[in-house]
Amino acid sequence: MTPAPPLAERLDGLLFFPVTAYGPDGAPDLTAFRTHVRRGIDAGAAAVFACCGTGEFHALTPEEFRDCVAAAVQEAAGRVPVLAGAGYGTALATRFARLAEDAGADGLLAMPPYLVVADQAGLLRHYTDLAAATALPVIVYQRDNAVFTPDTVVALARTPGIIGLKDGLGDLDLLQRTISAVRTEAPGREFLYFNGLPTAELTGPAYRGLGVRRYSSAVFAFAPEIATAFHRALADGDDATVARLLDGFYRPLVELRNQGKGYAVSLVKAGVRLRGTEVGGVRAPLSEPAPEHVEALAALIERGLALVGAPGAGGR
């Protein structure tokens with residue numbers, strides 16, 4: 001059997017962040033989760049990022065995490081890579097990394113450390129220790145309490161096992177200086193950058209101006225037709241379609257998302273349910289979207305599907 005290409009070569013396309021499905025008893029519903037993952041892969045996902053932010057990593061026990069990652073790996077069956085979240089302090093992040101490796105994952109998305117605000121030396125030690133504890137390639141997630149100077153990202157880029165930076169901060173000045181520093185101080189080192197802002201399509205044109213083409217798409221979890229059309233238009237330089245989808249779908253979606261705390265997860269999960277996959281609600285401390293917001297989301301999905309000429313939102 002021909003070995004799979006390196007992970008860095010397999011992350012060029014729509015990156016799918018599935019929600020974690022729960023049954024009526026509140027436990028993970030692996031059957032529904034596998035259905036959700038399968039539908040995403042069949043819709044053209046380039047990779048599956050299981051049990052990350054949209055997948056409520058924060059709410060899963062290590063055992064639940066292991067089972068969900070294993071289910072995603074089994075469903076992907078090598079067709080696309082599966083990456084898993086890893087977070088909290090160094091000891092727990094290392095434990096989650098090893099669980100993901102044992103479950104067959106192809107890589108890790110390293111979440112910010114829990115609660116504390118560390119200096120650059122401490123952050124660097126945390127991520128280098130995590131990378132050393134597993135054979136899996138690591139993408140570091142910049143956001144909240146994990147914000148890096150360009151020099152720190154250069155050190156991360158030189159660290160064996162760390163292959164990229166997902167930016168959830170949105171400081172384009174800092175990101176441009178970071179990209180320039182890595183290009184200058186770590187020449188020849190392939191280092192990947194990802195737009196990791198919520199509803200990343202909204203800032204897709206700006207990030208693309210910096211050369212950052214890869215992004216995580218929460219919309220793909222519930223409306224892959226819309227996400228795929230936007231991704232294609234952005235890649236092809238079809239500015240008219242990009243503008244039409246930004247104005248008619250993505251900007252209104254962001255405005256709706258901003259009406260509730262935790263909607264970056266709970267509204268996405270509501271969207272998955274609206275499209276016909278019963279994945280349950282969110283776990284505390286998150287709350288369900290208000291009924292009127294779910295109704296607004298349903299209408300917005302219908303509008304987005306109409307914009308790309310796809311069938312209605314009543315099911316798949």
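Here, residue 1 is the first one in the sequence, and each next residue gets the next number.
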Without swapping roles, check the side chain of [X] against the backbone of [Y] for a donor-acceptor pair under 3.5 Å.
X	Y	answer
R214	L11	yes
R189	A157	yes
R125	Q120	no
T134	L130	no
E75	A72	no
D106	L83	no
R158	E185	yes
E56	R283	yes

Who are the side-chain contact (heavy atoms from CB on, under 4.5 Å) partners of [X], not counting sequence neighbours?
X	answer
A21	D29, A32, F33, V279
D238	A233, A240, T241
A200	N195, Y215

Quick one: does NZ or CZ of K166 land under 6.0 Å from the six-membered ring centre of F194, within 45 degrees of the ring axis? no

For L169, the hydrophobic cluster (side chain heavy atoms closer than 4.5 Å, chained through members) also holds V147, L174

With clusters built from Ile, Leu, Val, Met, Phe, Trp and Tyr whose side-chain heavy atoms come within less than 4.5 Å, directly or transitively, what are the remaining members of the cluster of L197, listed by chain and number? L108, L123, L124, Y127, L136, V138, V140, F148, V153, V154, L156, I162, L165, L172, L175, I179, V182, F191, Y193, Y207, L210, V212

Aromatic contact, F230 with F249 (centres under 6.0 Å): no

Start with the C-alpha distance between F49 and F16, add both sets of side-chain angles, then the distance that settles ring-ring contact (aromatic ring centres under 6.0 Å, His included), and finish with yes or no. CA-CA 6 Å; F49 284 70; F16 173 33; 9.8 Å; no

Is the closest basic N to carboxylate O distance between [X] and [Y] below 4.0 Å?
X	Y	answer
R95	E63	yes
E101	R66	no
R275	E225	yes
D12	R213	yes
E288	K269	no
D102	R98	no

Do Y250 and I226 come within less than 4.5 Å of each other through their side chains, counting heavy atoms only? yes

P81 versus V48: any side-chain heavy-atom pair under 4.5 Å? no

Qualifying side-chain hydrogen bond (donor to acceptor under 3.5 Å, both in side chains) pairs, either residue in residues 79-91, two or more places apart: D42-R79, T90-H126

